[in-house]
2 protein chains.
Amino acid sequence: MRDILTSTPIESCPVRQILTDVGDKWSILILIALSGGPRRFSALRRDIPDISQKMLTQTLRKLERDGLVSREVTPSTPPRVDYDLTALGASLMHQITPLAGWAVRHLDEITAARRRFDWSSTSG
Amino acid sequence: MRDILTSTPIESCPVRQILTDVGDKWSILILIALSGGPRRFSALRRDIPDISQKMLTQTLRKLERDGLVSREVTPSTPPRVDYDLTALGASLMHQITPLAGWAVRHLDEITAARRRFDWSSTSG
DNA sequence: CGGTATCCTAGGGGATACTG
DNA sequence: CAGTATCCCCTAGGATACCG
């Protein structure tokens with residue numbers, strides 16, 4: 001796998017692309033929220049209480065641009081916008097789920113490692 | 001899965017933790033390089049040509065702190081430092097590999113979606 | 001309701017120089 | 001060789017205000 005690094009320009013490493021893409025502050029949270037089914041803008045705001053309106057819009061646009069999320073506008077008054085995972089987005093979440101499982105199983109281990117590291121830096 | 005969002009404080013969502021952790025500019029690139037076997041500092045610099053010395057050190061420290069990477073110093077002159085994946089790091093990479101496969105298989109699709117999005121934004 | 005537009009700041013990350 | 005230390009820039013992202 002290491003040859004990915006030399007065989008392709010770094011910028012185009014596919015793993016890196018999706019990890020940095022989905023690794024920003026809000027993307028996965030939105031994707032997780034949408035994995036429960038379609039959701040309106042305001043519903044997403046409630047799902048993720050501490051996201052700002054700006055970042056919700058901005059991140060949704062990015063995910064839409066990537067083809068991971070669909071956006072359907074109903075031009076009523078007041079307007080109504082429904083977001084949903086696309087097939088591509090759903091298939092990505094299918095990959096994320098085992099990773100989520102790993103994270104849950106090993107979070108304690110990571111936390112413990114951090115404590116050890118910080119402790120031995122401080123005192124030893 | 002959506003209940004992760006409400007059942008726990010957002011900050012502690014485990015998936016988010018590892019994704020933002022490994023989603024920074026250099027982490028996966030280093031982890032990928034190390035998944036080929038142990039590697040010296042200077043070898044990693046060659047593997048990832050455009051990383052700065054500062055960021056290589058800094059990112060390695062973070063990964064070490066997380067318990068994903070081990071660091072072994074041989075105090076010779078000149079000094080020698082070997083980095084390697086820990087068992088935890090290797091098990092993480094085990095989860096990343098299928099994700100990498102997905103990324104490779106669907107990168108074209110994402111790129112196409114972006115072109116469509118950018119095109120329809122520009123022209124109508 | 002579902003957005004823009006504007007302003008502003010914390011910190012990620014590069015370049016360069018120095019050290020044991 | 002494998003790092004610190006310093007400086008400096010740029011952008012992700014928050015707060016606030018306005019709009020159809």
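Here is how names work: the chains are called A, B, and so on, in the same order as the sequence lines, proteins then strands, and each is numbered from 1.
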Could you identify which residues of residues 58-75 of chain A place a heavy atom less than 4.0 Å from some atom of DNA chain C, listed by residue number, or say none?
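Heavy-atom contacts with DNA chain C come from A:Arg61, A:Arg71.
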Distance in angstrom units between [X] [atom1] and [N] [atom2], rounded:
X       : N      : atom1 : atom2 : answer
B:Leu44 : D:dA2  : CG    : P     : 9 Å
B:Ile48 : C:dG13 : CD1   : C1'   : 15 Å
A:Leu56 : C:dG2  : CG    : P     : 10 Å
A:Arg40 : C:dG3  : CZ    : P     : 10 Å
B:Asp24 : D:dT11 : CG    : P     : 18 Å

Taking 4.0 Å as the cut-off, does a side-chain nitrogen or oxygen of [X] come that near to OP1 or OP2 on [N]?
X       : N     : answer
B:Tyr83 : D:dG3 : yes
A:Thr77 : C:dC1 : no
B:Ser76 : D:dC1 : no

Using the side chain to side chain contact (heavy atoms under 4.5 Å, CB included) rule, pick out the option among B:Leu92, B:Val15, B:Val22 that qualifies with A:Leu99.
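For A:Leu99, the side chain to side chain contact (heavy atoms under 4.5 Å, CB included) check succeeds only for B:Leu92.
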Estimate the overall bend of the helix from C:dC1-D:dG20 to C:dG20-D:dC1 from the end axes over five pairs each, rounded to 10 degrees.
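One end's axis against the other's: 50°.
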Pair B:Thr20-A:Lys25, side-chain donor/acceptor within less than 3.5 Å:
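The criterion, which ignores hydrogens and geometry beyond distance, is not satisfied for A:Lys25 and B:Thr20.
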Expected string for nucleotides 14-20 of chain C under the B/S/- scheme (protein heavy atoms, under 4.0 Å, primed atoms plus P, OP1, OP2 as sugar-phosphate) is BB----B
